[in-house]
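To start, the structure under review is shown below, and the notes come after it.
Both backbone and side-chain heavy atoms feed into the values below; hydrogens, waters and symmetry mates do not.
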Amino acid sequence: MPLSTLETALLLASARRSIRPEGAMPLGPVRSLHYFLPVIEELLLAPVPRGDAYLAYLRSKVTLRPVASQPSTSSG
């Protein structure tokens with residue numbers, strides 16, 4: 001599988017999560033790469049046109065949010 005297909009799948013699935021309707025039930029965090037498998041399969045069956053324009057568009061739709069910090073359990 002081309003790396004570009006994997007990147008597109010990660011971005012596409014993330015963008016789809018971020019454009020959910022306001023007021024929709026919140027989704028939990030993605031905890032496994034298995035979450036992206038259906039999107040990878042979709043892209044292998046119907047690839048998006050090659051080029052950086054679509055990837056740039058997807059990147060613009062996905063905003064990275066920092067993970068909430070976890071309290072430290074080490075005794076320093």
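- Leu6 and Leu43 fall into different hydrophobic clusters, where Ile, Leu, Val, Met, Phe, Trp and Tyr side chains are chained together by heavy-atom contacts under 4.5 Å.
- Contact check for Arg59 versus Glu7: side-chain heavy atoms found under the 4.5 Å cut-off.
- Figure legend: Arg17 and Tyr35 shown as a cation-pi pair, the cationic atom lying under 6.0 angstrom from the six-membered ring centre and within 45 degrees of its axis.
- We find the CG-CG distance between Leu10 and Leu33 to be 7.0 Å, quoted to the nearest 0.5 Å.
- Linking Ile, Leu, Val, Met, Phe, Trp and Tyr residues whenever their side-chain heavy atoms come within less than 4.5 Å leaves Leu44 and Leu37 in two separate clusters.
- Across every non-hydrogen atom of Val62 and Ser14, the tightest pair is CG2-CB, 3.9 Å.
- Between Arg20 and Leu27, some side-chain heavy-atom pair lies under the 4.5 Å cut-off.
- Following chains of ILVMFWY side-chain contacts shorter than 4.5 Å, one cannot reach Val39 starting from Val30, and the two form parts of different hydrophobic clusters.
- Here the straight-line distance linking atom CG of Leu11 with atom OG of Ser4 works out to 11.0 Å at 0.5 Å rounding.
- Hydrophobic cluster membership is shared by Leu3 and Ile40, with clusters built from Ile, Leu, Val, Met, Phe, Trp and Tyr side chains linked at under 4.5 angstrom.
- Leu45 and Leu12 fall into different hydrophobic clusters, where Ile, Leu, Val, Met, Phe, Trp and Tyr side chains are chained together by heavy-atom contacts under 4.5 Å.
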